[in-house]
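Only one structure is covered here, and it is reproduced in the block below.
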Amino acid sequence: MKGGLVGADGAFLHTERRPTGREGGAEAVTGRIVGFADDLRATAVRLGLAPRAAGVVVPGIVDARSGVAVWSANLRWRDLPLRALVAERLGLPVAFDHDVRAGGLAEGRIGAARGSDNFLFLPLGTGVAGAFVVDGKPYAGAQGRAGEIGHIVVRPGGAPCGCGARGCLEAEMSGPAVARRYAEAVPGAHATAAEVVARVGAGDPVAAQVWHEAVAVLADGLLIALALLDTRLIVIGGGLSRAGETLIAPLRAAMVERATVQHVPRIEAAALGDDAGCHGAALLAWDAVGVAR
């Protein structure tokens, strides 16, 4: 979990990270989120600041209008009235939305997509989800489920996914998926996705093959997404975006090679790193109290 205190000028006055503790179950995670928010409020008061609003953004299926976290494959909650729980604890207005759509909002206003009114923001990390930004606004869809690119089936019959399907993009190309593929190829090996990327740069042929297959999976998933909603730009964030051109160059090439009716847009690394969601939560909170950024 990432949190912080953010001034009206967008500057972070305090930042903090805590473990999600998802092994304790949905109720424990909820308690940690609410407690974290309350601790940040207390920190603001100690620093002589007057908190005006809070922004909370979470993964999974989100109903931003009602403030409900509908479902999360990774955190295992269902129909959680999280906005109300945080507002009750803090006594402040609370903005609530999807973490990736909030990250897309931030990249569009102050990040790599600044000046672009039509783009796809795709963080690649523990999970995979996307935010389609259309006419400058993240598109949530009729039921708040737009952008769940991680659950496009790209390899039918492939690895099991937390959503219950097999061969989803998230199960084949997330950080844990890359680490798992390397461990399968090198029995007894334990390497994170970042370490696999480092081994690609060092000339490890097994790591290079694992990475090649992962990039191919991502290319297929993105081409499906582009066939549904054409964009001018793809901004890739999350932990795997730190691979830089080791990811972006072969991804662009794979997409060009595979594209049929799709136009392959410009692909950029996110400017806000894995703090995009935090920036987006702050923007939503300031919007809620009428401070334009």
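Around the CZ atom of R232, the shell of radius 6.0 Å holds no more than 12 heavy atoms that belong to other residues, nucleotides or ligands. Within 6.0 Å of the CD atom in E16, the count of heavy atoms belonging to other residues, nucleotides or ligands exceeds 12. More than 12 non-hydrogen atoms from other residues, nucleotides or ligands lie less than 6.0 angstrom from NE2 of H14. Remark: R22 CZ is loosely packed, at most 12 non-hydrogen atoms of other residues, nucleotides or ligands lying under 6.0 Å away. Around atom CD of E245, more than 12 heavy atoms belonging to other residues, nucleotides or ligands sit under 6.0 Å away.
For E107 (side chain) and L272 (main-chain N/O), a donor-acceptor pair under 3.5 Å exists by modelled atom type. The main-chain N or O of A159 is found under 3.5 Å from a side-chain atom of E172 such that the two form a donor-acceptor pair. With hydrogens and angles ignored, the 3.5 Å screen pairs a side-chain donor or acceptor of R83 with a backbone N or O of A64. In this structure, E170 contributes its side chain and V128 its backbone to a donor-acceptor pair below 3.5 Å. With hydrogens and angles ignored, the 3.5 Å screen pairs no side-chain donor or acceptor of R41 with any backbone N or O of R89. Between the E257 side chain and the M255 main chain, no donor and acceptor come within less than 3.5 Å of each other. Side chain of W211 to backbone of T246: a donor-acceptor contact under 3.5 angstrom is found. Between the side chain of H98 and the main chain of G60, a donor-acceptor pair closer than 3.5 Å is present. Here the side chain of R114 pairs no donor or acceptor atom with the backbone of G108 at under 3.5 angstrom.
R145 is listed as a side-chain neighbour of V70, based on a closest heavy-atom distance under 4.5 Å. Within the 4.5 Å cutoff, side-chain heavy atoms of L240 are placed close to those of M173. Proximity of R266 to F119: side-chain heavy atoms (C-beta onward) are nowhere separated by under 4.5 Å. Side chains of L218 and L122 form a contact here, defined as non-hydrogen atoms less than 4.5 Å apart. Side-chain contact between R32 and R18 is absent, with no heavy atoms from C-beta onward closer than 4.5 Å. Side-chain contact between Q262 and T260 is present, with at least one heavy-atom pair separated by less than 4.5 Å. Put simply, the side chain of S241 does not reach to within 4.5 Å of the side chain of L124, judged on heavy atoms. At a threshold of 4.5 Å between non-hydrogen side-chain atoms, the residues N118 and L233 do not count as touching.
Contact between I110 and H279 at its shortest, heavy atoms only, is CD1-ND1, 3.8 Å. Taking both residues in full, the closest heavy atoms of K2 and D274 are given as CE-O, 3.1 Å, listed atom of the first, atom of the second, then distance. Counting all heavy atoms, side chain and backbone alike, A112 lies closest to V235 at CB-CG1, 4.1 Å. When all heavy atoms of R166 and V153 are compared, the closest pair comes out as O-CG1, 3.6 Å. Annotation for P93 and V289: closest pair CG-CG1, 4.4 Å, computed over non-hydrogen atoms. Residues G221 and L169 come closest through the heavy atom pair CA-CD2, 4.5 Å.
W286 and F96 fall into different hydrophobic clusters, where Ile, Leu, Val, Met, Phe, Trp and Tyr side chains are chained together by heavy-atom contacts under 4.5 Å. Cluster annotation: V86 and L75 are assigned to the same hydrophobic cluster (Ile/Leu/Val/Met/Phe/Trp/Tyr, side-chain heavy-atom contacts under 4.5 Å, transitive). Note on F132 and L223: same hydrophobic cluster, where clusters join Ile, Leu, Val, Met, Phe, Trp and Tyr whose side-chain heavy atoms are under 4.5 Å apart, directly or indirectly. V56 and I61 are members of different hydrophobic clusters when ILVMFWY side chains are connected at heavy-atom separations under 4.5 Å. Transitive grouping of hydrophobic side chains (ILVMFWY, heavy atoms separated by less than 4.5 Å) brings V154 and I236 into a common cluster.
Taking CG of D97 as the start and CG of D63 as the end, the distance is 10.0 Å to the nearest 0.5 Å. Distance check, rounded to the nearest 0.5 Å: CD1 of I234 to CG of L222 gives 4.5 Å. Atom CG of L251 sits about 4.5 Å away from atom CD1 of I267, to the nearest 0.5 Å. We find the NZ-CG distance between K137 and L105 to be 11.0 Å, quoted to the nearest 0.5 Å. Rounding to the nearest 0.5 Å places OG1 of T43 at 9.5 Å from CG of D38.
When V45, L90, L5 are each tested for a side-chain contact (heavy atoms from CB on, under 4.5 Å) with L40, only one passes: L5. Screening V100, L228, L120 for a side-chain contact (heavy atoms from CB on, under 4.5 Å) with I149, the sole residue that qualifies is L120.
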### Task
Please report the C-alpha distance between L80 and L85 in whole Å, then the side-chain angles of each, then the deciding distance to 0.1 Å, and finally whether the side-chain contact (heavy atoms from CB on, under 4.5 Å) criterion is met.
CA-CA 9 Å; L80 178 68; L85 293 172; 4.0 Å; yes
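The side chain to side chain contact (heavy atoms under 4.5 Å, CB included) test applied to A191 returns Y182, E195, V196, R199, not counting sequence neighbours. Contacts of E27 classified as side chain to side chain donor-acceptor pair (under 3.5 Å), with partners at least two apart in sequence or in another chain: none.
Looking at R17 and D275, a side-chain N of the basic residue comes within less than 4.0 Å of a carboxylate O on the acidic one, giving a salt bridge.
Between W71 and H151, the two ring planes are tilted [angle within 30° to 60°].
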